[in-house]
K.L.:
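Before I ask anything, let me first share the structure, which is written out below as structure tokens.
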There are 2 protein chains.
Amino acid sequence: MKQEERSQETRSRILAAAEQSFAEHGYDVTSVDTICHAAGVSKGAFYHHFPSKGSVFVALLNAWLAELDRQFAAAQTGGESVPRQVAAMAAGVNEIYHVAGTKWNILLEFWAKSKADPEVARSTVEMIRRYQGFFQQLLDRGVSEGSLRVENSNLAATLVLSAVLGLLLQGILDPEGQDWGALMQRVLSMLMESMSGGKP
Amino acid sequence: MKQEERSQETRSRILAAAEQSFAEHGYDVTSVDTICHAAGVSKGAFYHHFPSKGSVFVALLNAWLAELDRQFAAAQTGGESVPRQVAAMAAGVNEIYHVAGTKWNILLEFWAKSKADPEVARSTVEMIRRYQGFFQQLLDRGVSEGSLRVENSNLAATLVLSAVLGLLLQGILDPEGQDWGALMQRVLSMLMESMSGGKP
DNA sequence: ACCCAGAAACCGACCGGTTGGTCTTATTAT
DNA sequence: ATAATAAGACCAACCGGTCGGTTTCTGGGT
């Protein structure tokens, strides 16, 4: 199986180069030639593996969605209390952020391209809704386990999700302005605290 | 002064057409010819008033910044209590949102283009920081007037700003999914309530 | 072991179309 | 008259995508 190996290799190199370039310079600015050059691959190879430039983009987006699901699944296995679990997630984001802050930039590309490509739009909307569902489920569990006190879990989940998205957005736009990873942790812990019953 | 009038007229028509098209289809997809056609203006006129396509974009961005300052100034003149003032602002956003939801789309374009254009980046960062400063100042006023109780106004302002940005983002990405204007009001009122001291 | 035929992977020159921007010419206001 | 404003034909550069051809792999016949 040497052929499939080689094939997968070039395919993943194209994807990696595209992700890098999309994140750093944006989708439209990045030409197919640029991707091919960065991946050390010819244009023929590119169009052998992908039918179009856009298909690479949606492949990347779907990979993100899959990764997201993996994260969700992993987060739900632990037996921690909800506030602790949220803190752990925030810490995870913080770590990833410090290792590869540029990684998040492509999110903005996904969002921006939503207006032009219906398929991208579907995926981004789905992404948001999954997050919303995840947080709501999480908060509900916190309520039922007694670690949280929330009147309207739907609204509260919206608040948490919005805060996270807003923080992410600011981190992408102004990476040097703040330690957004740390800020994410503090904001989330503040939110968790305010949702954990009255003030003793 | 008939000549300057005419000049301003075409200039503003170009700006309006560009804003519309940028918001609806995106910056890169919108060609100069498209803008000219939509504005009912020739390419010569376009390049008479603007040195480049990009300059129209930053002109639009600066107009947004100026409008933002106007809103801030207007918001600070009223003698309302801070929670009420926030509610009024949310109501204002809600109203604008229902009248012209598409209007906000261009924000995403501004953000997405930050990575490619340093000038755009400066402006968007400034935009965010002004918002942050505004909210922090607002919360501080709330504390000093006794209507709010906040431990760390900086962090709290970050939370409010993040929530607003996240809600805005979701509204742009999934306009049909929720009544984001109404949600903005509810989330902000929820935040204000949680910041208004203990629970009586 | 060797060969060969077909398939899969890859190459890069090339094409049609589009785009941002220029330039010459015409119109309008002063 | 003349300077500001507008018109639109035009251009060079680029870009996504195609296509004919080449290399590399694989599996079977001998």
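Protein chains get the first letters and strands the later ones, always in sequence-line order, with residue 1 at the start of each. All values derive from a computational prediction rather than experimental measurement.
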K.L.:
Would you say a side-chain N or O of B:S52 is under 4.0 Å from OP1 or OP2 of C:dG20?
P.N.:
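No.
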
K.L.:
Under a 4.0 Å threshold between the charged nitrogen and the carboxylate oxygen, would A:E67 count as salt-bridged to A:R70?
P.N.:
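Result for this pair is yes, salt bridge flagged.
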
K.L.:
Whether B:H49 contacts D:dA6 is assessed here as follows: a side-chain N or O lying under 4.0 Å from the phosphate OP1 or OP2. Is that the case?
P.N.:
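Result: yes.
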
K.L.:
A:T30 near the nucleic acid: base, sugar-phosphate alone, or nothing, with a heavy-atom cut-off under 4.0 Å?
P.N.:
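Sugar-phosphate contact only - A:T30 comes under 4.0 Å of backbone atoms but never of a base.
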
K.L.:
Given C:dC10, is OP1 or OP2 found less than 4.0 Å from the side-chain N or O atoms of A:T10?
P.N.:
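Looking at the OP1 and OP2 atoms of C:dC10, one of them is under 4.0 Å from a side-chain N or O of A:T10.
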
K.L.:
Rounding to a whole Å, what distance do you find between B:F50:CZ and C:dT22:P?
P.N.:
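One finds 15 Å between P of C:dT22 and CZ of B:F50, rounded.
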
K.L.:
Measure from CD on A:Q8 to P on C:dC10 and round the result to the nearest Å.
P.N.:
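Value for this atom pair: 10 Å.
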
K.L.:
So, does A:S42 get its side chain near the phosphate of C:dC11, meaning an N or O under 4.0 Å from OP1 or OP2?
P.N.:
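So the side-chain polar atoms of A:S42 do come within 4.0 Å of the phosphate oxygens OP1 or OP2 of C:dC11, strictly under.
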
K.L.:
Would A:E9 and A:R6 pass as an ion pair if we require N to O under 4.0 Å?
P.N.:
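Result for this pair is no, no salt bridge flagged.
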
K.L.:
Expressed in angstrom and rounded to an integer, what is the separation of B:D28 atom CG from C:dG20 atom P?
P.N.:
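Going from B:D28 (CG) to C:dG20 (P), I get 9 Å.
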
K.L.:
Please name the pair of heavy atoms, one in B:S21 and one in B:T30, separated by the smallest distance, quoted to 0.1 Å.
P.N.:
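Of all heavy-atom pairs spanning B:S21 and B:T30, the closest is OG-OG1, 3.1 Å.
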
K.L.:
Could you state the atom-to-atom distance from CZ of A:F46 to P of D:dT18 in whole Å?
P.N.:
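In whole Å, D:dT18 P and A:F46 CZ are 11 Å from each other.
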
K.L.:
Is there a donor-acceptor contact under 3.5 Å from the side chain of A:W180 to the main chain of A:D174?
P.N.:
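Indeed, once roles are kept as given, a pair shorter than 3.5 Å links the two residues.
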
K.L.:
Rounded to the Å, how far apart are B:E9 CD and D:dA4 C1'?
P.N.:
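Atom-to-atom, B:E9 to D:dA4, this comes out as 17 Å.
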
K.L.:
Let me check the geometry of the helix from C:dA1-D:dT30 to C:dT30-D:dA1. What is the bend angle between the axes at its two ends, five pairs each, to 10°?
P.N.:
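Roughly 0°, once rounded to the nearest ten degrees.
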
K.L.:
Expressed in angstrom and rounded to an integer, what is the separation of B:F57 atom CZ from C:dG21 atom C1'?
P.N.:
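In whole Å, C:dG21 C1' and B:F57 CZ are 19 Å from each other.
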
K.L.:
Quick check on C:dA9: is either OP1 or OP2 less than 4.0 Å from any side-chain nitrogen or oxygen of A:H48?
P.N.:
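Answer yes for this pair, as a side-chain N or O of A:H48 is under 4.0 Å from OP1 or OP2.
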
K.L.:
Let's see if you can work this out: which of C:dT19, C:dC11, D:dT24 has an atom nearest to the side-chain heavy atoms of A:A45?
P.N.:
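Output: C:dC11.
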
K.L.:
Return the value, rounded to whole Å, for the distance between atom OH of A:Y47 and atom P of D:dG20.
P.N.:
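Going from A:Y47 (OH) to D:dG20 (P), I get 17 Å.
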
K.L.:
Assign B:K43 to base, sugar-phosphate, or nothing according to its heavy-atom contacts below 4.0 angstrom with the strands shown.
P.N.:
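B:K43: base contact, heavy atoms under 4.0 Å.
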
K.L.:
Could you state the CD-P distance from A:E5 to D:dT24, rounded to the nearest angstrom?
P.N.:
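Whole-Å distance recorded here is 16 Å.
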
K.L.:
Using a strict 4.0 Å threshold on nitrogen-to-oxygen distance, state whether A:E109 and A:K113 make a salt bridge.
P.N.:
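A salt bridge is absent here (no side-chain N lies under 4.0 Å from a carboxylate O).
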
K.L.:
Who are the side chain to side chain contact (heavy atoms under 4.5 Å, CB included) partners of B:I128, not counting sequence neighbours?
P.N.:
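Only A:Q170, A:L173, B:L161 meet the side chain to side chain contact (heavy atoms under 4.5 Å, CB included) criterion with B:I128.
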
K.L.:
If each of A:V29 and B:D33 is mapped to the nucleotide of DNA chain D with the nearest heavy atom, which maps nearer the 5' terminus, i.e. the 5' end?
P.N.:
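The residue whose closest nucleotide sits nearer the 5' end is B:D33.
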
K.L.:
Given side-chain contact (heavy atoms from CB on, under 4.5 Å), test B:H49 with B:V56 step by step and report yes or no.
P.N.:
CA-CA 9 Å; B:H49 287 279; B:V56 175; over 6 Å; no

